[in-house]
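No experiment lies behind these values; they were computed from the predicted model shown.
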Amino acid sequence: MRGIKYLLIITALLLALAFVLTKFVFKGGNDKEGAENAETGETVTVSVSETETTPPPEEEEDENIDNKWAMFLVNKKNPLPADYDSRIETKVVFESWREYFLDVRAAGYLEKMLKAAENDGIDLYVVSAYRTIEYQQQNFDNSVQDRVDRGMSYDDAYADTLAEVALPGESEHNAGLALDIMVEEYQNMDDDGFEDTEAFAWLDKHAAEYGFILRYPKGKQEITGIIYEPWHYRFVGVYYANEIKKSGLCLEEYYEQQGWTDGNGKAVKMRGPWDEDDKKNAPAETTAPKETEPKKTMAATPYSEQKATIIV
């Protein structure tokens with residue numbers, strides 16, 4: 001009897017040992033819940049969801065970003081490529097005493113914004129939009145001459161003009177993404193009076209919803225290089241327009257905050273047409289460029305026919 005008793009005890013011990021080996025040794029590397037720390041003896045619970053790989057935030061965020069092509073700097077340090085005119089197609093977006101054009105990719109956003117403002121009783125009035133390089137040169141030259149005629153030396157007139165009118169290729173209007181928007185009853189660009197209108201208040205509240213930002217805000221002239229212009233709006237896409245609006249920064253400051261510019265203000269990321277240049281000039285691209293249809297655009301309008309004289 002005693003032998004049988006010992007045999008039963010040994011059998012029970014062997015069964016217990018087998019259970020322990022099966023539960024904790026052979027499965028140890030794969031059991032994520034209730035694993036035992038061999039050094040401390042503490043039980044560590046690891047959730048399966050914690051070990052799953054999630055996509056980087058940038059990839060998830062990219063899905064929410066519209067019109068990334070439109071998010072690029074145009075200023076003294078970031079002029080447009082010389083052939084940018086040939087890269088875009090423009091469309092009439094507003095008609096008054098003349099037609100005003102915008103890049104076709106941004107045109108629909110402007111049309112929706114103008115309609116929304118009209119529904120709210122605000123009749124927005126476009127006074128300048130896309131301009132050819134020739135138009136911009138004529139605009140700049142005549143602005144300098146106007147100052148000379150008013151008694152300035154040529155050097156002073158040139159420097160003073162630079163604060164209000166961009167050189168050809170350095171104006172957002174040349175990119176087909178900028179507009180000067182006012183109201184028919186108030187089109188004075190010699191002061192900041194437009195900021196006191198209901199139209200400005202509406203734009204300040206709603207422009208970002210349609211992808212537009214106030215490009216040259218008050219108090220940012222030393223950063224943008226351009227005076228405060230409460231009428232000048234730039235298309236950057238809905239996502240970035242809202243981000244910039246919330247930040248309270250001008251476009252140059254936002255680029256710097258994101259780390260998209262070097263120490264000299266030159267864009268090194270989100271460069272728009274410059275990124276296209278890099279792809280076009282990459283060694284792997286050896287095929288001949290495709291032929292494209294002639295760009296639809298407007299002819300340069302003589303300066304004498306312009307209503308506004310201070311337009312960037």
So Phe200 and Ile181, side chain to side chain contact (heavy atoms under 4.5 Å, CB included) or not? Walk me through it.
CA-CA 9 Å; Phe200 176 81; Ile181 306 176; over 6 Å; no
State plainly whether one hydrophobic cluster holds both [X] and [Y], where clusters connect Ile, Leu, Val, Met, Phe, Trp and Tyr through side-chain heavy atoms under 4.5 angstrom apart.
X	Y	value
Ile133	Ile88	no
Ile223	Leu162	no
Val268	Tyr240	no

Would Phe140 and Tyr158 count as a ring-ring contact (aromatic ring centres under 6.0 Å, His included) here? Give the steps.
CA-CA 9 Å; Phe140 187 89; Tyr158 189 93; 5.2 Å; yes
More than 12 foreign heavy atoms under 6.0 Å from CD of Gln257: is that the case here?
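Atom CD in Gln257 is packed in, count exceeds 12.
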Near Lys266 NZ, under 6.0 Å, is it more than 12 heavy atoms from other residues, nucleotides or ligands?
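Counting neighbours around NZ of Lys266, more than 12 heavy atoms of other residues, nucleotides or ligands fall under 6.0 Å, so yes.
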Would Leu179 and Leu102 count as a side chain to side chain contact (heavy atoms under 4.5 Å, CB included) if you check the C-alpha gap in whole Å, the side-chain angles of each, and the deciding distance to 0.1 Å?
CA-CA 8 Å; Leu179 303 120; Leu102 203 64; 4.0 Å; yes
Tell me, do [X] and [Y] make a side-chain contact under 4.5 Å, heavy atoms counted?
X	Y	result
Tyr125	Tyr186	no
Asp180	Val126	no
Arg215	Leu251	yes
Tyr216	Glu172	yes
Val165	Asn139	yes
Tyr255	Leu73	yes
Met71	Tyr239	no
Asp204	Leu214	no

Between Ser153 and Asp156, does a side-chain hydrogen bond (donor to acceptor under 3.5 Å, both in side chains) hold up when you go through it step by step?
CA-CA 5 Å; Ser153 67; Asp156 288 344; 3.2 Å; yes
For Gln145 and Asp141, which I'm curious about, is there any donor-acceptor pair between the side chains at under 3.5 Å?
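No donor-acceptor contact under 3.5 Å links the two side chains.
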So that I can tick it off, tell me whether [Y] and [X] are bridged by a salt bridge, with the cut-off set at under 4.0 angstrom between side-chain N and carboxylate O.
X	Y	result
Arg147	Glu164	yes
Lys269	Asp275	no
Glu170	Lys76	no
Glu111	Lys91	yes

Where do [X] and [Y] come nearest, in terms of heavy atoms and distance?
X	Y	result
Lys245	Ala208	CB-CB, 4.2 Å
Leu80	Ser171	CD1-O, 4.1 Å
Met113	Ala207	SD-CA, 3.8 Å
Glu243	Tyr254	CB-OH, 3.6 Å
Pro273	Arg87	O-NH1, 3.3 Å
Gln136	Pro168	CG-CA, 3.7 Å

Could you walk me through whether Tyr228 and Glu195 pass side-chain hydrogen bond (donor to acceptor under 3.5 Å, both in side chains), step by step?
CA-CA 10 Å; Tyr228 169 49; Glu195 70 177 3; 2.7 Å; yes
Between Tyr100 and Val92, is a side chain to side chain contact (heavy atoms under 4.5 Å, CB included) present by the stated rule, with each step listed?
CA-CA 6 Å; Tyr100 294 93; Val92 176; over 6 Å; no
To the nearest 0.5 angstrom, please state how far the [atom1] atom of [X] sits from the [atom2] atom of [Y].
X	Y	atom1	atom2	value
Ser96	Glu184	OG	CD	8.0 Å
Ile213	Leu203	CD1	CG	13.0 Å
Ile227	Lys218	CD1	NZ	12.5 Å
Leu124	His206	CG	NE2	10.5 Å
Asp149	Met152	CG	CE	11.5 Å
Leu114	Asp123	CG	CG	10.0 Å

Treating [X] as the side-chain partner and [Y] as the backbone partner, does any N or O pair qualify as donor plus acceptor under 3.5 Å?
X	Y	result
Asp66	Val238	yes
Asp262	Asn264	yes
Asp103	Leu177	no
Asn75	Lys77	yes
Asn78	Gly265	yes
Asn67	Trp69	no
His173	Arg131	no

Side chain to side chain contact (heavy atoms under 4.5 Å, CB included) between Asp83 and Ser86, intermediate numbers included:
CA-CA 6 Å; Asp83 64 340; Ser86 66; 3.8 Å; yes
Check for me whether the distance between the ring centres of Tyr109 and Phe235 falls short of 6.0 Å.
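Between Phe235 and Tyr109, which both carry aromatic rings, the centre distance is below 6.0 Å.
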Would you say the ring centers of Tyr130 and Tyr135 fall short of 6.0 Å from each other?
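When the ring centroids of Tyr130 and Tyr135 are compared, they turn out to be at least 6.0 Å apart.
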From Met189, Gln187, Met182, residue fulfilling side chain to side chain contact (heavy atoms under 4.5 Å, CB included) relative to Phe194
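Filter result, single survivor: Met182.
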